[in-house]
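What you see is a predicted model, and the numbers here were worked out from it, not measured in a lab.
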Amino acid sequence: MAGRQKEKEVPDEVHQNQILRELYLKELRTQKLYTQYHVNPLRKVHTITRKPMSWHDNLEEPADDKFLNLIHHAAQGPRKKYPETQTESQEIGWYSEPLAAF
């Protein structure tokens, strides 16, 4: 009983070719060729921001003078921005020149 094993029949090349042909034709029936693409309106679109240091993104945009002035003004120290102190803690060291010259 252990010595007897069922031998599987191996299909010959003609039958194997016919099986592959049927499989190929079934796959072709289910495939669709899409030539027009569009965005799915039901899916949320995540926009990707541009890279700030890339040279090709900054070529088209002109420099914004108002924004540059705002940045330069913010980078200045408080003594150059304001004529007087704005907080009490700024009063310490506001007048750093000596009162009397020796």
Side-chain angles (χ1 to χ4, degrees):
M1 297 194 192
R4 285 186 78 187
Q5 295 179 354
K6 293 184 179 180
E7 294 181 15
K8 294 183 178 180
E9 293 183 23
V10 180
D12 58 349
E13 290 183 26
V14 175
H15 288 103
Q16 188 69 28
N17 190 16
Q18 186 178 6
I19 292 170
L20 290 176
R21 183 178 177 272
E22 288 177 8
L23 180 66
Y24 176 73
L25 291 175
K26 283 181 183 179
E27 286 179 357
L28 281 180
R29 272 188 270 148
T30 59
Q31 290 180 354
K32 280 188 179 179
L33 179 64
Y34 290 103
T35 56
Q36 295 179 350
Y37 299 99
H38 57 85
V39 177
N40 185 357
L42 302 176
R43 186 173 180 176
K44 292 183 180 178
V45 178
H46 299 286
T47 58
I48 299 172
T49 58
R50 297 182 298 176
K51 296 178 182 178
M53 297 302 290
S54 65
W55 60 271
H56 53 80
D57 286 342
N58 297 327
L59 287 179
E60 296 112 17
E61 298 177 7
D64 188 7
D65 293 330
K66 185 177 179 181
F67 179 72
L68 288 176
N69 289 337
L70 180 70
I71 294 295
H72 290 304
H73 180 71
Q76 291 177 346
R79 292 187 68 197
K80 293 182 180 178
K81 281 195 244 180
Y82 311 111
E84 295 181 359
T85 60
Q86 300 296 308
T87 62
E88 290 185 13
S89 63
Q90 283 182 346
E91 291 178 5
I92 302 170
W94 189 264
Y95 300 107
S96 59
E97 295 94 24
L99 295 176
F102 294 105

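- Counting Ile, Leu, Val, Met, Phe, Trp and Tyr side chains that sit under 4.5 Å apart, directly or through other members, Ile19 stands alone, with no cluster partners.
- Contacts classified as side chain to side chain donor-acceptor pair (under 3.5 Å) and involving residues 11-31 (residues at least two apart or in different chains) are given here: Asp12-His15.
- Considering only residues two or more places apart in sequence or on other chains, Tyr34 meets the side-chain contact (heavy atoms from CB on, under 4.5 Å) condition with Lys32, Tyr37.
- Within 6.0 Å of the CD1 atom in Ile92, the count of heavy atoms belonging to other residues, nucleotides or ligands does not exceed 12.
- In this structure, Phe67 belongs to a hydrophobic cluster whose other members, linked by side-chain heavy atoms under 4.5 Å apart, are Ile71.
- Residue pairs meeting the side chain to side chain donor-acceptor pair (under 3.5 Å) criterion with at least one member in residues 62-74, sequence neighbours excluded, do not occur.
- Judged as a side chain to side chain donor-acceptor pair (under 3.5 Å), the pairs with a partner in residues 81-90 (not counting sequence neighbours) are, in order, Thr87-Ser89.
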